[in-house]
Each structure stands twice: as C-alpha cells, then as structure tokens.
Amino acid sequence: MDIKIKNATLSLIQGDITLQETDAVVNAANTRLAGGAGVDGAIHATGGPSIMAECRKIGGCPTGQAVITAGGNLKARFVIHTVGPVYQGGGSGEAAQLKSAYLESLKLASARGLKSLAFPAISTGVYAYPLEEAARIALMTVMDYIGEHSDLELVRFVLFSRKMYDIFAGELKKLIQQPEQ
Ligand code: ADP
C-alpha cells in the first residue's frame with residue numbers, strides 16, 4: 001500500500017528489511033548497540049562485521065535516540081540504529097520514546113541528505129509494544145514529518161509478517177480517513 005504526502009511516498013510492504021535498496025535502513029537496536037535477535041541480528045548477519053565494529057566505536061545509544069553507520073554488505077548505504085522502548089505497561093513514557101525513535105531516525109536521514117529510508121516496526125518484537133498503538137505512532141510520526149520536510153522522497157515500512165502488514169495497513173486507512181481538523 002502506497003500513499004503520497006506532498007512530494008513523498010509513504011509505503012507499506014511485507015518483507016525483509018535486510019533486502020531493501022533504500023539509502024538507509026533503520027535497525028531496532030538496543031542501548032548498548034550490542035546486536036541481538038530479530039531485526040538487529042538479521043542486519044548484522046547480512047551486513048557483516050564492519051557494522052558492529054562501527055557500533056563499538058560509537059559505544060551506545062539512549063532509548064529514543066538514533067546513530068548512523070555505514071551499511072556494510074547491505075544494499076542500503078547506511079544503517080540508522082535507533083532504540084525503541086521496552087514496553088512496561090504504557091505508564092513509563094513509552095509512547096513518547098517510540099515517537100522519538102522514529103523522529104530522530106528521520107532527522108538523521110535528513111541531516112545526511114538521504115532520500116529514502118526503510119523502517120521495521122520498532123519495539124513490536126522482543127520489546128513487546130502493543131501492535132496497533134505502535135503502528136499508529138509509527139505512521140503518525142512519519143506522516144507528520146514528511147508533510148513538513150520536502151527532502152525525503154520515500155519512507156517504507158517493511159513489515160515482516162502478514163499480520164503486522166495488515167495492522168499497519170488498517171491503522172493507515174484509519175488515519176487517512178480522518179477528516180481534516
Ligand atoms: P524490538 O526489540 O525493537 O522489539 P525486534 O527485532 O524484536 O525489535 O522486532 C521488531 C519487529 O521487526 C518485529 O515486528 C519483528 O517481527 C520484525 N522483524 C524481525 N526480523 C525482521 C526483518 N528481517 N525484517 C523486517 N522486520 C523484521
């Protein structure tokens with residue numbers, strides 16, 4: 001599913017983030033940038049050890065922030081590593097942290113002059129964020145950003161399962177059907 005926002009395309013696909021040819025792919029990392037399961041493991045496995053070597057030099061990344069490395073053997077030239085919140089019931093600032101993880105990744109892409117970016121569904125795996133709310137925050141943050149910044153031409157959400165794709169597509173349909181306020 002694709003929609004246009006100003007000059008940019010917001011796209012949802014079911015697929016594997018490690019195969020994307022966007023300028024950068026976003027990694028759902030941890031605060032130590034230590035690698036792990038899920039997206040993080042897949043990006044390091046496909047991208048090769050140079051990404052981890054750069055991560056070690058950077059040292060870490062607080063929750064809600066983002067850092068950038070080269071893309072190693074990935075098709076993407078860069079990896080933006082961001083850290084989403086571990087969901088602990090919703091009363092610990094998780095929504096703001098999740099929004100910030102997306103926003104800081106977008107800002108970093110803009111600062112580097114990148115034109116296209118692929119996101120996974122941050123915090124929806126091991127970090128256990130409720131899926132519909134995570135999708136809504138992800139979509140709203142990206143839609144607001146590309147509505148206000150003309151530099152990014154493509155933001156693609158790469159959803160690993162059919163279920164996650166359907167959740168994102170459902171939330172996106174709800175958001176675009178809302179009348180203008
Ligand atoms: P977090 O620790 O932020 O929850 P995970 O990597 O555990 O991150 O999961 C985030 C989401 O990414 C989950 O929805 C998971 O199904 C999905 N995922 C796992 N591997 C891939 C992949 N190769 N490409 C895209 N999405 C993936």
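Reckoned from all heavy atoms, side chains included, excluding hydrogens, waters and symmetry mates. Quick caveat, the model's predicted, so the values are computed rather than measured. Order of appearance sets the numbers: ligands from 1, and atoms from 1 within every ligand.
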Quick one: do Glu104 and Lys107 satisfy salt bridge (charged side-chain N to carboxylate O under 4.0 Å, His left out)? Show the steps, please.
CA-CA 5 Å; Glu104 294 302 319; Lys107 286 187 192 166; 3.4 Å; yes
Identify the protein heavy atom lying closest to atom 6 (O) of ligand 1, giving its residue, its atom name and the separation to 0.1 Å.
Val39 N, 2.8 Å
Looking at Val25 and Leu74, what are the two nearest heavy atoms and their distance?
CG2-CD1, 4.0 Å
Identify the closest protein heavy atom to atom 15 (C) of ligand 1: which residue and atom is it, and at what distance?
Phe160 CB, 4.6 Å
Quick one: do Asp23 and Lys115 make a salt bridge, cutoff under 4.0 Å?
no
Is the Phe157 ring parallel, tilted or perpendicular to the Phe168 ring (thresholds 30°, 60°)?
tilted
With a cut-off of 4.0 Å, which atoms of ligand 1 are near a heavy atom of Ala28?
3 (O), 8 (O)
Under 4.0 Å from atom 21 (C) of ligand 1, do we find at least one protein heavy atom?
yes
Any Lys/Arg nitrogen of Lys57 or Glu54 sitting under 4.0 Å from an Asp/Glu carboxylate oxygen of the other?
no
Nearest heavy atoms of Ser50 and Gly72, plus distance in Å:
OG-CA, 3.6 Å
Quick check: does Gly38 get an N/O under 3.5 Å from an N/O on ligand 1?
no
With heavy atoms of Ala121 as the reference, note each atom of ligand 1 found under 4.0 Å away.
10 (C), 11 (C)
May I ask you to identify the nearest protein heavy atom to atom 7 (O) of ligand 1, giving residue, atom name and distance to one decimal place in Å?
Val126 N, 2.9 Å
For Ser123, atoms of ligand 1 separated by under 4.0 Å from a heavy atom:
1 (P), 3 (O), 4 (O)
By number and element, which atoms of ligand 1 are closer than 4.0 Å to a non-hydrogen atom of Asp16?
22 (C), 23 (N), 24 (N)
Residue, atom name and distance, where the atom is the protein heavy atom closest to atom 14 (O) of ligand 1:
Thr124 OG1, 2.7 Å
Nearest-0.5 Å distance that lies between atom OG in Ser105 and atom CD1 in Ile80:
5.5 Å
Counting from 1 in the order shown, the ligand 1 atoms closer than 4.0 Å to a non-hydrogen atom of Met164 are 14 (O)
Asn30 side-chain N/O to Gly35 backbone N/O, donor-acceptor pair under 3.5 Å
yes
N or O pair under 3.5 Å between Gly125 and ligand 1
yes
Can you tell me the protein heavy atom closest to atom 25 (C) of ligand 1 and the distance?
Ile17 N, 3.6 Å
Does the pair Tyr129 and Ile137 meet the rule for a side chain to side chain contact (heavy atoms under 4.5 Å, CB included), with working shown?
CA-CA 11 Å; Tyr129 206 106; Ile137 290 170; 3.4 Å; yes
